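The structure displayed is predicted, hence computed values, not measured ones.
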Amino acid sequence: DKPIFNNNSCSFAGVSHSDEVFDIAAPACFKILRKWVVLDWCQYNPNIPNSPGRWEHTQVIKVFDYEKPKLNCPTDVTVSSTTTDCSGAQVNLPPLTATDCNPKFTVKNSFNSGGADASGFYPLGTTLVTYTVTDGCKNTATCIVKVTVKDGKKPTPYCLNGLSVTIMPSTLSVTIWAKDFVSKVLDDCTLESKIQYRIRKSPSGNQGPPTDQSITFTCDDLGTQAVDVWVGDEAGNWDYCQTFIEVQDNMKNCPPNLNGN
């Protein structure tokens, strides 16, 4: 409200006000002490102390807010780690932004003490970062960002320098498993017992990992055959090494005139 004047031909009124704003705790966001001053210039003389014709009144205005801040949360992010100790990776996130009728709000995140900025060194796996924004009236809004750090380092396979096998007389073929060609695999984050093995005839590098864990040779493959042996870790990283296999028919079971035999 504001001062209301009744029509009075014997007065000449003027009015003004000044505000003092105080931040306080809930339930009111802040209080305004509004000091009204009314003068009747037909009576008031500013040069006379305590002159009649001046009235003052302090009005208390309490401002309430029941709406949560509106948040603009960073989007979920996935990064690859190439560290040799599987410790994680540095992740840079854009700061969270928020809007509210009272700009004096606080922002916290569950990952570090950086408030709106949750950038930092994250471990392998998925970390859920919870942002909490509280305004001056204790209204709280939250949002969650998923930060995923994947193992981005490929495993390193060491292939045997060639193998030799002979055709089985019962099937006129021989099957060799990819793992038979690998002497060891080095990987920083995956146990060797969980490494996957695949094999394909060379060349296959730009085709990506094959789906076969073994390869079968027949009498048509007698002689030296180049093969690519692929290894994959739990994070889906793959690499390969090239080697060869000597397919033999020592018992002369293959039909004649195959590959010169």
Q) Is it true that the side chains of Thr134 and Thr140 contain a donor and an acceptor less than 3.5 Å apart? A) yes

Query raised in the report: Is there a path from Ile195 to Leu124 through hydrophobic residues (I, L, V, M, F, W, Y) whose side chains come within less than 4.5 Å of each other?
Result: no

### Query
Is there a path of hydrophobic side-chain contacts, each under 4.5 Å between heavy atoms of I, L, V, M, F, W or Y residues, that connects Val129 with Ile144?
no

The side-chain hydrogen bond (donor to acceptor under 3.5 Å, both in side chains) partners of Glu192 (sequence neighbours excluded) come to none

Closest heavy-atom pair, Thr83 versus Ser81, reported as atoms and distance to 0.1 Å, is OG1-OG, 3.1 Å

Between the OG1 atom in Thr218 and the CG atom in Leu172, the distance rounded to the nearest 0.5 Å is 8.5 Å

Shortest non-hydrogen pair, Asp65 vs Glu67, comes out as OD1-N, 3.0 Å

For residues Ile61 and Asp19, determine if any side-chain heavy atom of one lies less than 4.5 Å from a side-chain heavy atom of the other.
-> no

CG of Asp1 to NE2 of His57, rounded to nearest 0.5 Å, is 9.5 Å

Is the cationic atom of Lys184 (NZ for Lys, CZ for Arg) positioned less than 6.0 Å from the six-membered ring centroid of Tyr158 and within 45 degrees of its normal? yes

> After noting the C-alpha distance and the side-chain angles of His17 and Lys35, does the key distance pass the side chain to side chain contact (heavy atoms under 4.5 Å, CB included) rule?
Replying inline: CA-CA 5 Å; His17 68 77; Lys35 182 178 180 181; over 6 Å; no

Hydrophobic cluster identity match, Val63 and Phe105, side-chain contacts under 4.5 Å: no

Minimal heavy-atom distance between Asp188 and Lys153, with the atoms involved, is OD2-CD, 2.9 Å

Rounded to the nearest 0.5 angstrom, the OG1-CG distance for Thr99 and Leu71 is 8.0 Å

Sorted by chain and residue number, the side-chain hydrogen bond (donor to acceptor under 3.5 Å, both in side chains) partners of Thr126 (sequence neighbours excluded) come out as Thr148

Test side chain to side chain contact (heavy atoms under 4.5 Å, CB included) on Val60 and Leu33; report intermediate values, then the result.
CA-CA 5 Å; Val60 179; Leu33 299 184; 3.9 Å; yes

Here the disulfide (SG to SG under 2.5 Å) pairs for residues 51-83, sequence neighbours left out, are Cys73-Cys143

Next on the checklist: Quick one about Thr175 and Thr216 (side-chain donor to acceptor, distance below 3.5 Å, no hydrogens or angles considered), yes or no?
Outcome noted: yes

pair Leu96-Asn109: side-chain heavy atoms closer than 4.5 Å:
no

Taken to the nearest 0.5 Å, the spacing of Thr190 OG1 from Gln196 CD works out to 9.5 Å

Item to complete: Start with the C-alpha gap between Val37 and Arg54, add the side-chain angles, then the distance that decides, and say whether side chain to side chain contact (heavy atoms under 4.5 Å, CB included) holds.
Response: CA-CA 7 Å; Val37 178; Arg54 178 186 176 101; 3.8 Å; yes

In short, Phe217 meets Lys201 closest at the heavy-atom pair CE2-CE, 4.1 Å

message: If you count every heavy atom of other residues, nucleotides or ligands that lies below 6.0 Å from Asp85 atom CG, does the total exceed 12?
response: yes

Next item on the list: Answer whether the closest heavy-atom distance between the side chains of Tyr240 and Arg200 falls below 4.5 Å.
Entry: no

query = Just wondering, do Val231 and Tyr197 contact through their side chains at under 4.5 Å, heavy atoms?
reply = yes

For residues 111-141, the ring pair (Phe, Tyr, Trp, His ring centres under 6.0 Å) pairs (sequence neighbours left out) are Phe111-Tyr122

When every non-hydrogen atom of Gln248 is compared with those of Ser164, the smallest separation belongs to NE2-CB, 4.0 Å

Residues passing the side-chain hydrogen bond (donor to acceptor under 3.5 Å, both in side chains) test with Ser51, sequence neighbours excluded, are none

Problem set entry | Val227 with Val165, same ILVMFWY side-chain cluster at under 4.5 Å | yes

> Do Trp55 and Asp40 touch side chain to side chain, with heavy atoms closer than 4.5 Å?
Replying inline: yes

Note to self: Parallel, tilted or perpendicular, judged at 30° and 60°: which one describes the rings of Phe64 and Tyr66?
What the structure shows: parallel

With the 4.5 Å side-chain cut-off for hydrophobic clustering, are Leu160 and Val185 part of the same group? yes

Heavy atoms, side chains only, cut-off 4.5 Å: are Pro155 and Asn237 in contact? yes

Heavy-atom nearest pair, Ile32 first then Val21, reads CG1-CG2, 4.2 Å

Exercise. Is a side-chain N or O of Asp249 found less than 3.5 angstrom from the main chain of Cys219, in a donor-acceptor match?
Worked result: no

When rounded to the nearest 0.5 Å, the distance separating NZ of Lys68 from CG of Asp100 is 12.5 Å

In this structure, OG of Ser183 is separated from CG of Asp180 (nearest 0.5 Å) by 12.5 Å

The side-chain hydrogen bond (donor to acceptor under 3.5 Å, both in side chains) partners of Gln59 (sequence neighbours excluded) come to Trp36

- Query: Do Asn92 side-chain atoms and Ser119 backbone N/O form a donor-acceptor pair below 3.5 Å?
  - Reply: no

| message | The test is side chain to side chain contact (heavy atoms under 4.5 Å, CB included); show your working for Val174 and Thr166 and say whether it passes. | response | CA-CA 7 Å; Val174 61; Thr166 188; over 6 Å; no

(Q) Any heavy-atom pair between the side chains of Leu222 and Ile167 that's under 4.5 Å? (A) yes

